[in-house]
Amino acid sequence: MSEEVIVGIDLGTTNSAVGVVDSGFPILLADEDGRRLVPSAVWFGPHGCEVGHAALRRRGVEPVVTSAKRLIGRRLPEAGDYPLPLRGSDDGGIAIETGRGTTATPVEAAAEILRELKRIAEMRLGHDLTRAVITVPAYFNEGQRSATKRAGELAGWTVERLVAEPTAAALAYGLDRLGEQSRVAVFDLGGGTFDVSILSLRDGVFEVLATAGDTRLGGDDFDRALAAHVTGAEGIAPPDGDLGPRLREEAERVKRALSEDDEATFRLPFIDGVRSVERPVRRQEFEGLVAPFLDRMERCCRRAMQDAGIVPGDLDAAVLVGGSTRIPAVRDLAARVFERDPDLSQHPDEAVALGAAIQAGILGGTYRQVLLLDVTPLSLGIETFGGLMNVLIPRNTTIPCKAGEMFTNARDAQRSMQVRVLQGERELAKDNWELGSFEIGFAPAPRGKARVGVQFQLDESGLLEVLGRDVATGRDTIVKIESAAVDVADEAVERMVDESVEHAFEDMNARMHTEARLKAEELLPAVEAVLEDEGAAIPPEERRKIAGARAAVEEALASGAGPAVLKAAVERLDAATEALAARLVEDAMAARMQDQLDSGEGPPAGP
């Protein structure tokens, strides 16, 4: 293999893996002991780090960072959301307390895992490696994607592409089905995240039709719910500090056992230093605890199908991947929602890494007959005058993509424009999330005369770059949205998408009213100026018609009339002044031409 080989990496919440295409086949690379999965665990010692199995051996004795993926690219979450103490970092993100007064960020923890995968790959392939494809949950936002890329770069990788995990799993599923045409749902439930994507597979083209998910939902939540239930039933307050990982580790063991047996015993000696816990847990009891999480998954699945414009009967398969899909209740949920037996042909823990290796092979030219078309999970746009959300890239748009629009100044002598980059599904800017903002300067101009172009560009990894251009000077302002400073819970994302449907009527009314008000505020001063101009040649009947339409608009504004009434009044005034506006334009052009003749310039040259 040449040094230009590109590897594929699944950076998982619980386990990670690295793979490569060898002799046309994707394979995972094992460590010295033959293990293909590296636990996503890091112990930060005084003189270095230990990663994977070595780090896990220290858990329960010393602080070990696990599930850092759930924190990457986020701000400080609520207390109790993580087994180790957290604090705010200098850059506004999260720092994890790792003992001895030291901290590490989620990006640093992820970088150590990626560095260990680099070591394994280089050991197995026998030469240095620099290029990698890394998977991310499909519902990762801009900040989480950028943070993952930074972790890769910190580990010494050139990150060629970020690819969505369910999409990678679909590549693994469809590699030996390239001649088929089918539509599949990929249901991916890991330790910390949940994704579902609907894909179309046809003649080697893998096209994502829609995606949904929750990056705060996974097997870790099942463990926490079980641990809290057992300690609560025993009358023991959940412990803090080093006992927390012990409790969750036992909860994870019991959860795994209940996937095979109807009953398992939760055992933890001296949980609070005095008492021990030994309590049987039945599968039915456990399924009752995780029912709220199953409900959230079901909503995501149904939304993905709705966005893709399909019903369960349109699917050819529902492919399950991710370690937590071994849980019988999860498999039953998938069977019920997709109305078919789930496809279990893919290895739950390895399919995503194999798909990442396939994507690396596509970029490297090994698989020339395969094309991957992914989508963006949420709409992107900017705030416009009046507090409206102007969508430039709708959600579920195929990436890479580029979209732009021209905007103008809202006030006379305005010297700059603040561009607020928004993400979300609501009509009003205040109901969406701000990803970032920047200012574009331009020469002072009367209202509506300055021209500013705004362009959004999403690359193949779903990372956003925004360009603002002053048309008069051609000067560009380019901003990469790297931090996505807002920390948005996935429940809030799900709620927003649901509310965009639930409140569609009132949202559109609010937009209609705002647009009609802005149009009225633009028309009224112009109409008033013309009507008061004694030199304006306006027939009496036309003048009365315009005056009546103007009065109706003023009355609608003063009375707070509804959007339909205001819009109708504005449209009536616009129609009443249409002929007058056309005459004024003709008169202005005639006067300009006469001025040119009088000055000896002559009429403009023809083509």
Which residues satisfy the salt bridge (Lys or Arg N to Asp or Glu O under 4.0 Å) test with Asp470, sequence neighbours excluded?
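Asp470: no salt bridge (Lys or Arg N to Asp or Glu O under 4.0 Å) contacts found.
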Any donor-acceptor pair under 3.5 Å from [X] side chain to [Y] backbone:
{"X": "Asp221", "Y": "Gly218", "answer": "yes"}
{"X": "Arg87", "Y": "Ala95", "answer": "no"}
{"X": "Glu108", "Y": "Thr105", "answer": "yes"}
{"X": "Asp343", "Y": "Ala317", "answer": "no"}
{"X": "Thr325", "Y": "Gly322", "answer": "yes"}
{"X": "Thr397", "Y": "Ile393", "answer": "no"}
{"X": "Tyr173", "Y": "Leu320", "answer": "no"}
{"X": "Trp43", "Y": "Val65", "answer": "no"}
{"X": "Asp476", "Y": "Ile478", "answer": "no"}

Testing the basics here: between [X] and [Y], what is the closest heavy-atom pair and its distance to 0.1 Å?
{"X": "Gly8", "Y": "Ala360", "result": "N-CB, 4.0 Å"}
{"X": "Leu37", "Y": "Pro39", "result": "O-CD, 3.7 Å"}
{"X": "Val64", "Y": "Ala55", "result": "CG2-O, 3.4 Å"}
{"X": "Leu86", "Y": "Ile96", "result": "CD2-CG1, 3.8 Å"}
{"X": "Ile94", "Y": "Pro106", "result": "O-CD, 3.2 Å"}
{"X": "Ser259", "Y": "Ile327", "result": "OG-CA, 3.6 Å"}

Report the C-alpha distance between Arg183 and Leu201 in whole Å, list the side-chain angles of each, state the deciding distance to 0.1 Å, and finish with yes or no for side chain to side chain contact (heavy atoms under 4.5 Å, CB included).
CA-CA 6 Å; Arg183 277 186 284 197; Leu201 281 58; over 6 Å; no
Sequence-distant partners of [X], side-chain hydrogen bond (donor to acceptor under 3.5 Å, both in side chains), two or more places apart:
{"X": "Thr211", "value": "Ser197"}
{"X": "Lys149", "value": "none"}
{"X": "Thr366", "value": "none"}

Determine whether Ile9 and Thr135 satisfy the following criterion, side chain to side chain contact (heavy atoms under 4.5 Å, CB included), listing intermediate values before the conclusion.
CA-CA 6 Å; Ile9 294 174; Thr135 63; over 6 Å; no
Taking the side chain as C-beta and beyond, is there a heavy-atom pair between [X] and [Y] under 4.5 Å?
{"X": "Asp195", "Y": "Phe187", "answer": "no"}
{"X": "Leu129", "Y": "His127", "answer": "yes"}
{"X": "Ser437", "Y": "Val419", "answer": "no"}
{"X": "Asp307", "Y": "Arg395", "answer": "yes"}
{"X": "Thr98", "Y": "Glu62", "answer": "no"}
{"X": "Arg70", "Y": "Asp220", "answer": "yes"}
{"X": "Leu435", "Y": "Leu380", "answer": "yes"}
{"X": "Asp31", "Y": "Val38", "answer": "no"}

Any donor-acceptor N or O pair under 3.5 Å, side chains Asn390, Glu405:
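Looking only at side-chain atoms, Glu405 and Asn390 do form a donor-acceptor pair, the distance falling under 3.5 Å.
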Between Ser40 and Ser16, do the side chains contain an N or O donor and an N or O acceptor separated by less than 3.5 Å?
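There is such a pair (donor and acceptor under 3.5 Å, judged by atom type) between the side chains of Ser40 and Ser16.
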Roughly how far, to the nearest 0.5 Å, is the [atom2] atom of [Y] from the [atom1] atom of [X]?
{"X": "Leu199", "Y": "Ser182", "atom1": "CG", "atom2": "OG", "value": "9.5 Å"}
{"X": "Phe25", "Y": "Ile358", "atom1": "CZ", "atom2": "CD1", "value": "11.5 Å"}
{"X": "Arg115", "Y": "Ile120", "atom1": "CZ", "atom2": "CD1", "value": "13.5 Å"}
{"X": "Thr148", "Y": "Phe140", "atom1": "OG1", "atom2": "CZ", "value": "5.0 Å"}
{"X": "Thr130", "Y": "Glu153", "atom1": "OG1", "atom2": "CD", "value": "12.0 Å"}
{"X": "Arg131", "Y": "Leu363", "atom1": "CZ", "atom2": "CG", "value": "7.5 Å"}

In a check of salt bridge (Lys or Arg N to Asp or Glu O under 4.0 Å) between Glu122 and each of Arg124, Lys118, Arg119, which one passes?
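For Glu122, the salt bridge (Lys or Arg N to Asp or Glu O under 4.0 Å) check succeeds only for Lys118.
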Look at [X] together with [Y] and state whether they make a salt bridge at an N to O cut-off of under 4.0 Å.
{"X": "Glu250", "Y": "Arg253", "result": "yes"}
{"X": "Glu207", "Y": "Arg202", "result": "yes"}
{"X": "Arg36", "Y": "Asp349", "result": "no"}

Atom CD of residue position Gln418 - does it have more than 12 heavy atoms of other residues, nucleotides or ligands inside 6.0 Å?
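Yes, because the 6.0 Å sphere around CD of Gln418 holds more than 12 heavy atoms from other groups.
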Side-chain donor-acceptor contacts of residues 452-460 below 3.5 Å, not counting sequence neighbours, with atom names and distances?
residue, atom, partner, partner atom, Å
Asp459, OD1, Ser461, N, 2.9
Asp459, OD1, Gly462, N, 3.0
Asp459, OD1, Leu463, N, 2.9

Could you walk me through whether Glu383 and Met389 pass side chain to side chain contact (heavy atoms under 4.5 Å, CB included), step by step?
CA-CA 5 Å; Glu383 179 181 8; Met389 162 77 156; over 6 Å; no
Could you walk me through whether Ile113 and Leu11 pass side chain to side chain contact (heavy atoms under 4.5 Å, CB included), step by step?
CA-CA 8 Å; Ile113 298 166; Leu11 180 62; 4.0 Å; yes
Asp223: which of Lys255, Arg248, Arg256 passes side chain to side chain donor-acceptor pair (under 3.5 Å)
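Single pass found, and it is Lys255.
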Residues which pass ring pair (Phe, Tyr, Trp, His ring centres under 6.0 Å) with Phe293, listed by chain and number, not counting sequence neighbours:
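Residues passing ring pair (Phe, Tyr, Trp, His ring centres under 6.0 Å) with Phe293: Phe222.
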